[in-house]
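Below: one structure, written as structure tokens.
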There are 2 protein chains.
Amino acid sequence: MTERGNVVDKNEFLAVREDIVQKVLAEQPDDEVLYDLAELFKVFGDSTRIRILYALFEAELCVGDIAQILNLSQSSVSHQLRILKTSKLVKFRREGKIMFYSLDDDHVRTMISMGMEHIEE
Amino acid sequence: MTERGNVVDKNEFLAVREDIVQKVLAEQPDDEVLYDLAELFKVFGDSTRIRILYALFEAELCVGDIAQILNLSQSSVSHQLRILKTSKLVKFRREGKIMFYSLDDDHVRTMISMGMEHIEE
DNA sequence: TTAACATATGAACAGATGTCAATATGAACA
DNA sequence: TGTTCATATTGACATCTGTTCATATGTTAA
């Protein structure tokens with residue numbers, strides 16, 4: 001293999017159109033943005049969390065309600081709710097001993113509707 | 001713990017509002033649909049695939065172009081393209097020895113734009 | 001303050017996922 | 001046909017992720 005300085009080009013034998021590559025590279029968003037975007041989609045990319053979000057479409061729910069609806073342990077639901085909170089997809093309020101969760105904004109509905117449209121084709 | 005038949009209720013001590021639970025359960029989509037939806041989002045939930053999709057915003061690209069743009073092995077890019085093909089997010093055509101990939105439809109752009117709006121808040 | 005309740009957190013484990021190296025497939029052309 | 005090139009696939013490996021069990025936190029009421 002050819003070397004450039006100490007760097008070995010793993011893809012030496014590869015069809016690459018350098019002009020196109022440069023043009024596309026110039027337009028790419030920052031890696032950090034793309035990473036954050038992937039992280040957001042990752043949150044939607046688990047059926048347990050999708051089911052939680054769908055349940056919250058209908059009503060504000062407490063942890064116990066959700067555990068019952070999804071037939072999951074309290075612990076598991078709590079863990080997933082933490083992820084949804086961190087991503088700002090759900091918000092919550094306390095009423096005595098009970099925590100009530102609800103959707104944070106309409107982006108969630110829109111994103112999920114978009115996904116639905118795609119898989120329904 | 002109490003038992004119902006042979007089923008042990010792991011969540012015996014849990015705040016559950018049965019009426020709400022029943023109402024929400026009645027409105028939930030089929031598990032299969034929710035599973036497919038999660039699978040779709042999972043595809044977007046990887047920064048390599050997001051970067052591939054973003055690159056394809058700009059131009060139709062061959063495997064070598066993408067490998068160069070993302071600084072990844074040909075093998076890895078090919079693997080990810082297969083996943084994107086299976087999810088119908090990209091389409092492809094052959095021209096001699098070269099495979100050209102492009103975005104399959106505008107859902108991809110819309111979904112990603114939605115995600116962007118959310119993280120930009 | 002103590003007991004009971006609702007939820008959150010930590011550690012550990014199994015299963016899923018992305019990457020690479022090596023190899024296979026398939027197309028073009030001598 | 002045989003060789004070269006572009007891409008696809010296979011197997012192995014390390015990392016990431018979701019669940020459970022056990023325990024901690026924080027609230028209410030006696």
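Throughout, a chain's letter reflects where its sequence line sits, starting with A, and its residues are numbered from 1.
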What is the distance, to the nearest angstrom, from the CG atom on A:Leu81 to the P atom on C:dT7? 10 Å

Let me know, please, whether A:Glu95 or B:Ile98 comes out on the 5' side of the other along DNA chain D by nearest nucleotide. B:Ile98

Check ion pair B:Asp104-B:Lys91 (N to O, under 4.0 angstrom): no

Over how many whole Å does the gap from B:Ile66 atom CD1 to D:dA8 atom C1' extend? 14 Å

Any strand: nucleotide that pairs with D:dT15 via Watson-Crick or wobble, under 3.5 Å: C:dA16

In the strands shown, is C:dC29 matched to any nucleotide by a Watson-Crick or G-U wobble pair with both distances under 3.5 Å, and which? D:dG2

Aromatic contact, A:Tyr54 with A:Phe57 (centres under 6.0 Å): yes

Do B:Met111 and B:Val33 share a hydrophobic cluster (ILVMFWY, side-chain heavy atoms under 4.5 Å, transitive)? yes

Give a yes or no on whether the backbone of B:Val21 and the side-chain of A:Asp65 come within a donor-acceptor separation of less than 3.5 Å. no

If you go through the side-chain atoms of B:His79, does one of them form a donor-acceptor pair with the base of D:dT7 closer than 3.5 Å? no

Answer yes or no for B:Lys42 and A:Phe41: cation-pi contact, defined as NZ/CZ to six-membered ring centre under 6.0 Å and angle to ring axis within 45°. no

With a cut-off of less than 4.0 Å, is there a side-chain N or O of B:Arg49 near OP1 or OP2 of C:dG18? yes

Ignoring backbone atoms, establish whether B:Gln80 has a side-chain N or O less than 4.0 Å from OP1 or OP2 of C:dT19. yes

Whole angstrom value for the distance that separates C1' of C:dA27 from CZ of B:Arg93: 15 Å

Side-chain N or O of A:Tyr101 less than 4.0 angstrom from OP1 or OP2 on C:dA8? yes

Regarding D:dA8, can its base be found pairing with the side chain of B:Gln74 as donor and acceptor, where the two atoms are less than 3.5 Å apart? yes

Would you say the side chains of A:Gln28 and B:Glu58 form a donor-acceptor pair under 3.5 Å? no

Does a nitrogen or oxygen in the side chain of B:Ser76 sit under 4.0 Å from OP1 or OP2 of C:dG18? no

For atom CG of A:Asp65 and atom C1' of C:dT7, their distance in whole Å: 13 Å

Below 4.0 Å: OP1/OP2 of D:dT7 and any side-chain N or O of B:Lys97: no

Could you pick out which residue, B:Gly96 or A:Met99, lies toward the 5' side of DNA chain C when each is mapped onto its nearest nucleotide? A:Met99

Can you identify which nucleotide, out of D:dT19, C:dA28, C:dA8, has its nearest atom closest to the A:Ser78 side chain? C:dA8

So does B:Arg82 get a side-chain nitrogen or oxygen closer than 4.0 Å to the phosphate oxygens (OP1/OP2) of D:dT9? yes

Separation of atom CD1 in B:Ile52 from atom P in D:dT7, rounded to whole Å: 13 Å

Round to the nearest Å and state the distance from B:Phe100 atom CZ to D:dT7 atom C1'. 13 Å

Provide, to the nearest angstrom, the distance between the CG atom belonging to B:Leu72 and the C1' atom belonging to C:dA21. 15 Å

With a cut-off of less than 4.0 Å, is there a side-chain N or O of B:Lys42 near OP1 or OP2 of C:dA16? no

D:dT20 phosphate, OP1 or OP2: any side-chain N/O from A:Ser75 under 4.0 angstrom? no

Expressed as a whole number of angstroms, how long is the span from A:Leu61:CG to C:dT7:P? 11 Å

